[in-house]
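So that the names make sense, note that chain A is the first sequence line, chain B the second, and so on, each numbered from 1.
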Amino acid sequence: AQSVAQPEDQVNVAEGNPLTVKCTYSVSGNPYLFWYVQYPNRGLQFLLKYITGDNLVKGSYGFEAEFNKSQTSFHLKKPSALVSDSALYFCAVRDMRTGANNLFFGTGTRLTVIP
Amino acid sequence: ETGVTQTPRHLVMGMTNKKSLKCEQHLGHNAMYWYKQSAKKPLELMFVYNFKEQTENNSVPSRFSPECPNSSHLFLHLHTLQPEDSALYLCASSQRTGGSDEKLFFGSGTQLSVL
(Lines give C-alpha, C1' and ligand atoms only; values in the text may rest on other atoms or scores of the structure.)
Protein backbone atom coordinates (compact mmCIF):
# COMPACT_ATOMS: atom_id res chain seq x y z
CA ALA A 1 0.00 0.00 0.00
CA GLN A 2 1.12 3.52 -0.64
CA SER A 3 1.86 5.92 2.18
CA VAL A 4 3.88 8.96 3.15
CA ALA A 5 5.43 9.83 6.47
CA GLN A 6 6.17 13.30 7.72
CA PRO A 7 8.21 12.67 10.84
CA GLU A 8 8.02 16.21 12.23
CA ASP A 9 4.76 17.74 13.45
CA GLN A 10 6.43 21.12 13.85
CA VAL A 11 9.45 22.84 12.33
CA ASN A 12 10.69 26.21 13.55
CA VAL A 13 13.22 28.24 11.61
CA ALA A 14 14.51 31.78 11.82
CA GLU A 15 13.69 34.16 8.99
CA GLY A 16 16.46 34.16 6.39
CA ASN A 17 17.71 30.71 7.33
CA PRO A 18 17.33 27.66 5.08
CA LEU A 19 14.39 25.37 5.81
CA THR A 20 13.76 21.67 5.28
CA VAL A 21 10.49 19.81 5.73
CA LYS A 22 10.95 16.06 5.61
CA CYS A 23 8.92 13.42 3.80
CA THR A 24 9.49 9.72 3.15
CA TYR A 25 7.27 7.54 1.02
CA SER A 26 6.33 3.95 0.38
CA VAL A 27 4.86 2.73 -2.92
CA SER A 28 4.92 -0.50 -4.85
CA GLY A 29 5.64 1.12 -8.22
CA ASN A 30 7.21 4.35 -9.42
CA PRO A 31 6.35 7.19 -7.06
CA TYR A 32 4.60 10.35 -8.13
CA LEU A 33 5.23 12.85 -5.36
CA PHE A 34 3.69 16.17 -4.47
CA TRP A 35 3.90 18.96 -1.93
CA TYR A 36 0.91 21.06 -0.97
CA VAL A 37 0.71 24.02 1.43
CA GLN A 38 -2.22 25.11 3.59
CA TYR A 39 -2.32 28.68 4.85
CA PRO A 40 -4.61 29.53 7.79
CA ASN A 41 -8.31 29.24 6.98
CA ARG A 42 -7.55 28.14 3.45
CA GLY A 43 -7.60 24.92 1.47
CA LEU A 44 -4.49 23.16 0.26
CA GLN A 45 -2.53 24.69 -2.61
CA PHE A 46 -0.22 22.82 -4.97
CA LEU A 47 3.48 23.69 -4.56
CA LEU A 48 5.42 21.25 -6.72
CA LYS A 49 5.57 17.70 -8.02
CA TYR A 50 8.02 15.01 -9.05
CA ILE A 51 6.96 12.70 -11.84
CA THR A 52 10.18 11.81 -13.63
CA GLY A 53 13.44 13.44 -14.71
CA ASP A 54 15.68 15.66 -12.59
CA ASN A 55 15.76 14.76 -8.93
CA LEU A 56 15.64 18.42 -7.93
CA VAL A 57 12.23 19.91 -8.59
CA LYS A 58 11.50 23.62 -8.40
CA GLY A 59 8.08 24.94 -7.45
CA SER A 60 6.13 27.98 -6.35
CA TYR A 61 7.32 30.69 -3.93
CA GLY A 62 10.99 29.66 -4.21
CA PHE A 63 10.46 26.16 -2.84
CA GLU A 64 12.21 23.10 -4.21
CA ALA A 65 12.25 19.41 -3.35
CA GLU A 66 14.80 16.69 -3.84
CA PHE A 67 13.76 13.20 -4.85
CA ASN A 68 16.06 10.53 -3.41
CA LYS A 69 15.13 7.05 -4.57
CA SER A 70 17.61 5.16 -2.41
CA GLN A 71 16.34 6.88 0.73
CA THR A 72 12.71 6.97 -0.48
CA SER A 73 12.59 10.63 0.47
CA PHE A 74 11.20 13.82 -1.01
CA HIS A 75 12.21 16.62 1.33
CA LEU A 76 10.95 20.16 0.76
CA LYS A 77 13.54 22.92 0.92
CA LYS A 78 13.95 26.66 0.61
CA PRO A 79 17.27 28.52 0.80
CA SER A 80 15.94 31.50 2.77
CA ALA A 81 12.74 31.33 4.82
CA LEU A 82 10.19 34.14 4.96
CA VAL A 83 7.69 34.79 7.75
CA SER A 84 4.97 34.41 5.12
CA ASP A 85 6.08 30.79 4.58
CA SER A 86 4.55 29.89 7.94
CA ALA A 87 1.86 27.33 7.12
CA LEU A 88 0.99 23.64 7.19
CA TYR A 89 2.81 21.56 4.59
CA PHE A 90 1.58 18.24 3.24
CA CYS A 91 3.51 15.64 1.31
CA ALA A 92 1.48 13.33 -0.96
CA VAL A 93 2.10 10.31 -3.16
CA ARG A 94 0.24 8.74 -6.03
CA ASP A 95 0.88 5.08 -6.79
CA MET A 96 -0.17 4.41 -10.36
CA ARG A 97 -0.14 0.66 -9.80
CA THR A 98 -3.09 0.66 -7.45
CA GLY A 99 -5.56 1.44 -10.19
CA ALA A 100 -7.38 4.13 -8.28
CA ASN A 101 -4.50 6.56 -8.83
CA ASN A 102 -5.63 8.73 -5.96
CA LEU A 103 -3.43 11.02 -3.91
CA PHE A 104 -2.51 9.90 -0.40
CA PHE A 105 -1.40 12.60 1.99
CA GLY A 106 0.79 12.66 5.07
CA THR A 107 -0.14 14.09 8.46
CA GLY A 108 1.29 17.52 7.69
CA THR A 109 4.15 19.54 9.16
CA ARG A 110 3.52 22.95 10.64
CA LEU A 111 6.28 25.37 9.67
CA THR A 112 6.79 28.47 11.77
CA VAL A 113 9.25 31.08 10.56
CA ILE A 114 10.38 33.31 13.40
CA PRO A 115 11.10 36.96 12.61
CA GLU B 1 -8.95 32.04 -4.89
CA THR B 2 -8.59 28.50 -6.18
CA GLY B 3 -11.88 28.38 -8.09
CA VAL B 4 -13.40 25.92 -5.62
CA THR B 5 -16.01 27.35 -3.23
CA GLN B 6 -17.35 25.58 -0.16
CA THR B 7 -20.31 26.55 1.99
CA PRO B 8 -20.87 26.94 4.82
CA ARG B 9 -17.44 27.81 6.25
CA HIS B 10 -18.50 26.70 9.72
CA LEU B 11 -21.24 24.33 10.86
CA VAL B 12 -22.32 23.25 14.31
CA MET B 13 -24.84 20.44 14.50
CA GLY B 14 -26.34 18.08 16.99
CA MET B 15 -26.13 14.34 16.55
CA THR B 16 -29.75 14.10 15.42
CA ASN B 17 -29.58 16.91 12.86
CA LYS B 18 -29.48 16.63 9.10
CA LYS B 19 -27.30 19.09 7.22
CA SER B 20 -25.54 19.35 3.88
CA LEU B 21 -22.17 20.67 2.78
CA LYS B 22 -21.92 22.25 -0.64
CA CYS B 23 -19.00 22.55 -3.04
CA GLU B 24 -18.89 24.31 -6.39
CA GLN B 25 -15.99 24.53 -8.81
CA HIS B 26 -15.62 27.08 -11.59
CA LEU B 27 -12.61 25.47 -13.27
CA GLY B 28 -14.31 23.25 -15.83
CA HIS B 29 -12.98 20.15 -14.09
CA ASN B 30 -14.52 16.71 -14.38
CA ALA B 31 -13.45 15.12 -11.11
CA MET B 32 -14.44 16.13 -7.60
CA TYR B 33 -13.39 14.81 -4.21
CA TRP B 34 -14.30 14.95 -0.52
CA TYR B 35 -11.47 14.78 2.02
CA LYS B 36 -11.63 14.81 5.82
CA GLN B 37 -8.89 16.69 7.70
CA SER B 38 -8.38 15.93 11.39
CA ALA B 39 -5.52 17.19 13.51
CA LYS B 40 -2.36 15.06 13.37
CA LYS B 41 -3.92 12.54 11.00
CA PRO B 42 -3.37 12.14 7.27
CA LEU B 43 -5.96 13.69 5.03
CA GLU B 44 -8.57 11.00 4.54
CA LEU B 45 -9.98 10.54 1.06
CA MET B 46 -13.72 9.94 1.42
CA PHE B 47 -15.33 10.02 -2.02
CA VAL B 48 -14.33 10.54 -5.63
CA TYR B 49 -16.56 11.46 -8.55
CA ASN B 50 -15.44 11.42 -12.17
CA PHE B 51 -17.86 12.79 -14.76
CA LYS B 52 -20.63 12.68 -12.11
CA GLU B 53 -20.08 8.98 -11.43
CA GLN B 54 -18.83 7.86 -8.02
CA THR B 55 -15.56 6.01 -8.53
CA GLU B 56 -14.38 5.72 -4.94
CA ASN B 57 -16.01 5.25 -1.57
CA ASN B 58 -13.23 4.84 0.91
CA SER B 59 -15.17 2.78 3.48
CA VAL B 60 -17.03 5.85 4.66
CA PRO B 61 -19.91 5.30 7.13
CA SER B 62 -23.38 5.60 5.63
CA ARG B 63 -24.15 8.65 7.79
CA PHE B 64 -22.15 10.51 5.12
CA SER B 65 -23.95 10.55 1.78
CA PRO B 66 -22.42 12.28 -1.25
CA GLU B 67 -24.27 13.67 -4.23
CA CYS B 68 -22.87 14.96 -7.51
CA PRO B 69 -25.67 16.33 -9.71
CA ASN B 70 -23.22 17.67 -12.32
CA SER B 71 -19.49 18.10 -12.78
CA SER B 72 -19.50 21.51 -11.12
CA HIS B 73 -21.35 20.70 -7.91
CA LEU B 74 -20.75 18.27 -5.09
CA PHE B 75 -22.70 17.82 -1.89
CA LEU B 76 -22.09 15.90 1.31
CA HIS B 77 -25.28 15.09 3.17
CA LEU B 78 -24.86 14.51 6.89
CA HIS B 79 -27.20 12.76 9.31
CA THR B 80 -26.92 11.27 12.79
CA LEU B 81 -23.26 12.18 13.04
CA GLN B 82 -21.01 11.39 15.97
CA PRO B 83 -18.73 13.79 17.88
CA GLU B 84 -15.68 12.06 16.32
CA ASP B 85 -16.91 13.28 12.93
CA SER B 86 -15.95 16.81 13.92
CA ALA B 87 -13.26 17.89 11.45
CA LEU B 88 -12.48 20.12 8.50
CA TYR B 89 -14.13 18.77 5.37
CA LEU B 90 -12.33 19.71 2.19
CA CYS B 91 -13.65 19.58 -1.32
CA ALA B 92 -11.25 19.36 -4.25
CA SER B 93 -11.44 19.12 -8.01
CA SER B 94 -9.14 18.11 -10.84
CA GLN B 95 -9.35 17.96 -14.59
CA ARG B 96 -9.88 14.21 -14.39
CA THR B 97 -8.91 11.24 -12.29
CA GLY B 98 -6.15 8.82 -13.11
CA GLY B 99 -3.45 11.12 -14.44
CA SER B 100 -0.03 10.68 -12.88
CA ASP B 101 0.60 14.41 -12.63
CA GLU B 102 -2.97 15.44 -11.91
CA LYS B 103 -3.15 18.43 -9.54
CA LEU B 104 -5.94 18.94 -7.06
CA PHE B 105 -7.52 22.31 -6.42
CA PHE B 106 -9.00 22.63 -2.94
CA GLY B 107 -11.70 24.74 -1.39
CA SER B 108 -11.23 26.41 1.99
CA GLY B 109 -13.22 23.74 3.74
CA THR B 110 -16.17 23.49 6.12
CA GLN B 111 -15.23 23.29 9.78
CA LEU B 112 -17.78 20.91 11.26
CA SER B 113 -18.47 20.54 14.97
CA VAL B 114 -20.80 17.80 16.14
CA LEU B 115 -22.17 18.28 19.65
Would [X] end up clustered with [Y] when hydrophobic side chains under 4.5 Å apart are linked, directly or stepwise?
| X | Y | result |
| --- | --- | --- |
| L111(A) | L82(A) | no |
| F63(A) | V11(A) | yes |
| Y39(A) | W35(A) | yes |
| M32(B) | F47(B) | yes |
| L56(A) | Y89(A) | no |

query: Short question: side chain of R94(A), backbone of E102(B) - any donor-acceptor pair under 3.5 Å?
result: yes
- prompt: Is the closest side-chain heavy-atom distance between R9(B) and N41(A) below 4.5 Å?
  reply: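 They are in contact (side-chain heavy atoms under 4.5 Å apart), so the answer is yes.
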Less than 4.5 Å to any heavy atom of chain A: does that hold for the side chain of [X], its backbone, both, or neither?
| X | value |
| --- | --- |
| K41(B) | backbone |
| Q6(B) | neither |
| L88(B) | side chain |
| L43(B) | both |

message: Taking side chain as everything from C-beta outward and backbone as N, CA, C, O, which of these in Q38(A) sits under 4.5 Å from a heavy atom of chain B? Side chain, backbone, both or neither.
response: side chain
query: For the candidates E44(B), K103(B), K40(B), which exhibits the highest count of non-hydrogen atom pairs separated by less than 4.5 Å from chain A?
result: K103(B)
task: Applying side-chain contact (heavy atoms from CB on, under 4.5 Å), run through L104(B) and Q45(A) and close with a yes or a no.
output: CA-CA 8 Å; L104(B) 297 183; Q45(A) 296 177 35; over 6 Å; no
query: Given Y35(B), which of F90(A), F104(A), F105(A), Y36(A) fulfils the ring-ring contact (aromatic ring centres under 6.0 Å, His included) condition?
result: F105(A)
- request: Would you indicate whether D54(A), at its atom CG, is surrounded by more than 12 heavy atoms from other residues, nucleotides or ligands within a distance under 6.0 Å?
  value: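 No.
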